[in-house]
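Okay, structure first, notes after.
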Amino acid sequence: MTEENKTSSNFIKNIVDADNESGKFDNRVHTRFPPEPNGYLHVGHAKSICLNFGLADEYGGKTNLRFDDTNPTKEETEYVEAIKADIKWLGFEWDNLFFASDYFDQLHAWAIRLIKEGKAYVDELSADEMREYRGTLTQPGKNSPYRDRPVAESLDLFERMTNGEFPDGAMVLRAKIDMASPNFNFRDPVMYRILHAHHHRTGDKWCVYPMYDWAHGQSDSLEGVTHSICTLEFENNRPLYDWFIENLDIYAPQQIEFARLNLSYMMTSKRKLKQLVDTGVVNGWDDPRMPTLSGMRRRGFTPRSIRNFCDTIGVARANSVVEYAMLEHALRDDLNQIAPRAFAVLDPVKVVITNYPEGKVEEIEVDTYPQDKENSETHVVPFSREIYIERADFMEVPVPKYRRLIPGREVRLMRAYLVTATDVVKDEDGNITEVHCTYDPETFGGNAVDGRKVKGTLHWVSAQHAVPVEVRSYEHLFTAENPSDAPEGGSGELDWTANVRDNSLTVTTAYVEPDLANAKAGDVYQFQRNGYYVADPDSEPGKPVFNRTIGLRDTWAKK
RNA sequence: UGCGGUGUCGCCAAGUGGUAAGGCAGCGGACUUUGAAUCCGCCAUUCAUAGGUUCGAAUCCUAUCACCGCAGCCA
């Protein structure tokens, strides 16, 4: 894909440039995006996707999509399909589609080779015992009593593990490296564990499954990946991956770690997001409040806005938290360019134009894309004697610098007429129920023949023609800038759920121009002077439901 | 406490010995039939701190401090 703005320099590109200079990989650039199919993709993954696919795109290389499906107890086909759909939606195409499970046979054969070479052994220590033997941060570990058992015995046991002769947890296959290493990953890491579980692709073929550490590096190697980009927490694992590659004497990719994305007010932990879904805090993975790609899509984010966002935040090795405002900027920037404009009144107050003929209806032609000089498309909005305007657009007693409608002041009804407020009608509680105005018939279109100016321009909707629609508005799912920064819960663990906002969804009725009644799921609009909205999949023919994607910038309200 | 990392404007982030890019946010102002968009201007004598090397240091050296990650048969 070719994007208008290429990202600026970053340390990964510097590495690739240097590698191309030295010919390290024969000028090949081959990346991969390796999700585990145990949940839906979120913004954090978008950063990784844009990085991997973007790098290959920029250097004329390739990118594989590889599902790291080494743990059958957590992974499901539903997730692989959703992940594929999200990547495509973002606008990327993988060159090859692989699964770590494609390599189960090869990995198994390699494991046997390592056993034969005395570099791996079957250990019968229990999980608890293994933890004790592993040592601590300051103390070296101890060798397992099974560490030096005969090769033939390990071979036999591993074969029987594979055949399913032992129950889960009875024994594991471990690499024989160094129990005293300051790097824990070298303290005889587990390569295989027994899992009598059904795998989403290999079915019941296997009773032993490779650990991620034993599968990942070799998968990259097998695929000819050049730059294996992953997040910071795998930095300590890199020496282990290199050890496996070296001892297997196979092609060596270069792993590069970068800092994962953290966004203020957003939770980017698959585990915790799954909890929100499972406990019903949100209505599924694609709830518009979720930071998942499917949730953002439903909320009205565009693929381009997310890609642009990823480009502007950059890539580095320092942990950081990006302000939500950055994402908002990217969103508004794209939506502003593409969204058709429409009239919609979110919180109505009736306006009666007393000198406008009763029963008369005029068709007002308005630009659908006023922001786009190249697009002259227009549509028609009916105008009549009684209309709705926003409650906030009229004030009986104005605040300073208020430039909207007040008694005696003339303002413009967008693309229609200039009107002047004359009276206010209230109910017994003093609430304004109607505003009476007069209009100047000579101002059709919104301009006075004598050239007089008005300070305010309001959007409106004809009362008898307006269509009531459901509007869903959202606030951050979390009240804390850092959702994980939580008070301690009962179990001694941090109870991040205490940060979940309990009123993050608000449902209201808005009155929209007639054309919007036919909006189809996914249609985006800018409700003039208000914000961007998208028709939700819950919409039915003639009965659209709109999600508020994001409001317009409002520098007036801030003051 | 062992090992591996990271510290440049409120938030991201370039910079790789030659004298601090850019974006977001913010603040002024212009324009405006969206208080939007657009446009103009302002916004780090200073790069965690302290020393040192050098004609010259955010970049090299030394020490210190702070923060992150690693002790799953998770990834």
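Throughout, a chain's letter reflects where its sequence line sits, starting with A, and its residues are numbered from 1. This one's a predicted model, so the numbers in the text were calculated from it and none came from an experiment.
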Residue pair Thr73(A) / Asn71(A), side-chain donor-acceptor N/O under 3.5 Å: yes

Between His459(A) (side chain only) and Met414(A) (backbone N and O only), is there a donor and an acceptor less than 3.5 Å apart? no

Nucleotide opposite rC24(B) in a Watson-Crick or G-U pair, distances under 3.5 Å: rG10(B)

Nearest whole angstrom, please: distance from the C1' of rG72(B) to the CG of Leu240(A). 14 Å

Under 3.5 Å, which N/O atoms of the protein pair with N/O atoms of nucleotides 4-11 of chain B?
{"residue": "rG4(B)", "atom": "O2'", "partner": "Asn236(A)", "partner atom": "OD1", "Å": "3.4"}
{"residue": "rG5(B)", "atom": "O3'", "partner": "Arg317(A)", "partner atom": "NH2", "Å": "3.2"}
{"residue": "rU6(B)", "atom": "OP1", "partner": "Arg317(A)", "partner atom": "NE", "Å": "3.2"}
{"residue": "rG10(B)", "atom": "N2", "partner": "Glu323(A)", "partner atom": "OE1", "Å": "3.1"}
{"residue": "rC11(B)", "atom": "O4'", "partner": "Glu323(A)", "partner atom": "OE2", "Å": "2.9"}
{"residue": "rC11(B)", "atom": "O3'", "partner": "Val321(A)", "partner atom": "O", "Å": "3.2"}
{"residue": "rC11(B)", "atom": "O2'", "partner": "Val321(A)", "partner atom": "O", "Å": "3.0"}
{"residue": "rC11(B)", "atom": "O2'", "partner": "Glu323(A)", "partner atom": "N", "Å": "3.3"}

Distance test, side-chain N/O of Arg415(A) to OP1/OP2 of rU34(B), below 4.0 Å: no

Does the plane of the ring in Tyr209(A) sit parallel, tilted or perpendicular to the ring in His199(A)? Use 30° and 60° as the thresholds. parallel

Counting only distance, no hydrogens or angles, is the base of rG35(B) paired donor-acceptor with the side chain of Arg404(A) under 3.5 Å? yes

Pair Arg415(A)-Gln528(A), side-chain contact (heavy atoms from CB on, under 4.5 Å): steps then yes or no: CA-CA 12 Å; Arg415(A) 303 261 73 122; Gln528(A) 295 254 54; over 6 Å; no

Salt bridge or not between Lys74(A) and Glu36(A)? Use side-chain N to carboxylate O under 4.0 Å. no

Counting just side-chain N and O atoms, does Arg529(A) come under 4.0 Å of either OP1 or OP2 of rG35(B)? yes

Just how far, in rounded Å, is P of rC12(B) from CG of Asn10(A)? 17 Å

Rounded to whole angstroms, how far apart are CG on Asn530(A) and P on rA37(B)? 14 Å

After noting the C-alpha distance and the side-chain angles of Lys13(A) and Glu58(A), does the key distance pass the salt bridge (Lys or Arg N to Asp or Glu O under 4.0 Å) rule? CA-CA 10 Å; Lys13(A) 285 196 211 172; Glu58(A) 204 170 329; 3.3 Å; yes

Would you say a side-chain N or O of His459(A) is under 4.0 Å from OP1 or OP2 of rU34(B)? no

Write down the partner of rC39(B) under the Watson-Crick or G-U wobble criteria, each distance required to be under 3.5 Å. rG29(B)

Measure from the side-chain heavy atoms of Ala316(A) and tell me the nearest of rA75(B), rA13(B), rG2(B). rA13(B)

Under 4.0 Å between any heavy atoms, over every strand shown, what does Arg134(A) touch: base, sugar-phosphate, or nothing? Just pick one. sugar-phosphate

Do the side-chain N or O atoms of Ser9(A) get closer than 4.0 angstrom to the phosphate oxygens (OP1, OP2) of rG15(B)? yes

Does His200(A) have its ring centroid less than 6.0 Å away from the ring centroid of Tyr79(A)? no

Please give the distance between the P atoms of rU59(B) and rA63(B) as a whole number of Å. 16 Å

Atom pairs and distances, side-chain donor-acceptor, residues 175-184 of chain A, under 3.5 Å, sequence neighbours left out:
{"residue": "Lys176(A)", "atom": "NZ", "partner": "Arg147(A)", "partner atom": "O", "Å": "3.2"}
{"residue": "Asp178(A)", "atom": "OD1", "partner": "Ala180(A)", "partner atom": "N", "Å": "2.8"}
{"residue": "Ser181(A)", "atom": "OG", "partner": "Asn183(A)", "partner atom": "N", "Å": "3.0"}
{"residue": "Ser181(A)", "atom": "OG", "partner": "Asn183(A)", "partner atom": "O", "Å": "3.2"}
{"residue": "Asn183(A)", "atom": "OD1", "partner": "Asn185(A)", "partner atom": "N", "Å": "2.9"}
{"residue": "Asn183(A)", "atom": "OD1", "partner": "Asn185(A)", "partner atom": "ND2", "Å": "3.0"}
{"residue": "Asn183(A)", "atom": "ND2", "partner": "Asn236(A)", "partner atom": "O", "Å": "2.9"}

Looking at the angle O4'-C1'-N9-C4 for a purine or O4'-C1'-N1-C2 for a pyrimidine, is rG72(B) syn or anti, with syn meaning within 90° of 0? syn

Just how far, in rounded Å, is C1' of rU34(B) from CZ of Phe343(A)? 9 Å

Identify whether a stacking contact exists between Trp556(A) and rG35(B), where the ring centres must be under 5.5 Å apart and the planes under 30° apart. yes

Interatomic distance where CG belongs to Leu331(A) and P belongs to rC24(B) [whole Å]: 15 Å

Taking only the C1' atom of each, what is the distance from rU8(B) to rC67(B) in whole angstrom? 16 Å

Phosphate OP1/OP2 of rA75(B) contacted by Thr70(A) side-chain N/O (<4.0 Å): yes

Expressed as a whole number of Å, how far does the P atom of rC61(B) sit from that of rG72(B)? 36 Å

Donor-acceptor pair under 3.5 Å, Gln371(A) side chain vs rU34(B) base: no

